[in-house]
Amino acid sequence: MCKLITVMILSSVLVGCATVENHEKESHARLVLYDCTNGESLSVRYLSSEQSADLLHRGVSFQMKQQPSGSGFVYSSGPNTIRGKGDDLVVEIGRMVPLRCQAR
């Protein structure tokens, strides 16, 4: 009986630790919604723990890695790049005309 109680206590502790760890990973993600000058809207989920960002534009998701920047921030995956400072964002997708956006 004593072993059973010990196992139950250890199981509870381990489940609690797993929950805290998952919550910490999720808390490092930040979703920002943007309105662009061409009337479109898009969103970017910034993942600080992975130094990456996920851009969602027209139903397509683009994953980008953080790049060195002298000022503001830059995330890129080659032909797709987002650059920003404060609430302003410039989105470059392939050869499209860059989008200028502002956080809501």
Determine the minimum heavy-atom distance between L42 and C101, stating which atoms define it. CD2-SG, 3.9 Å
Checking S43 side chain against V32 main chain: does a donor-acceptor pair fall under 3.5 Å? no
Charged N-O contact under 4.0 Å between D35 and R104: yes
Establish whether Y34 and V97 are linked, either directly or via other cluster members, by ILVMFWY side-chain heavy-atom contacts under 4.5 Å. no
Carboxylate-amine/guanidinium contact E40 R58, below 4.0 Å: yes
Stepwise side-chain contact (heavy atoms from CB on, under 4.5 Å) test for D88 and Q102: CA-CA 5 Å; D88 297 325; Q102 179 114 26; 3.3 Å; yes
In one Ile/Leu/Val/Met/Phe/Trp/Tyr side-chain cluster, 4.5 Å: V91, M96: yes
Any side-chain donor near an acceptor of the partner, S76 and R83, under 3.5 Å: no
How long is the gap from CZ on F73 to CD on Q67, to the nearest 0.5 Å? 13.0 Å
Distance check, rounded to the nearest 0.5 Å: N38 atom CG versus R100 atom CZ? 12.0 Å
Would you compute the distance between atom OG of S77 and atom CD of Q63 and round it to the nearest 0.5 angstrom? 9.0 Å
From L55 CG over to S61 OG, what is the distance, rounded to the nearest 0.5 angstrom? 7.5 Å
Would you say Y75 and I93 are hydrophobically clustered, going by side-chain heavy atoms of ILVMFWY under 4.5 Å? yes
Do M64 and L99 share a hydrophobic cluster, counting only Ile, Leu, Val, Met, Phe, Trp and Tyr and linking them when any side-chain heavy atoms are less than 4.5 Å apart? yes
What's the shortest heavy-atom distance between S69 and S71, and which atoms? OG-O, 2.7 Å
Decide whether Y46 and F62 are clustered together by the hydrophobic rule: side chain heavy atoms of Ile, Leu, Val, Met, Phe, Trp, Tyr closer than 4.5 Å, transitively. yes
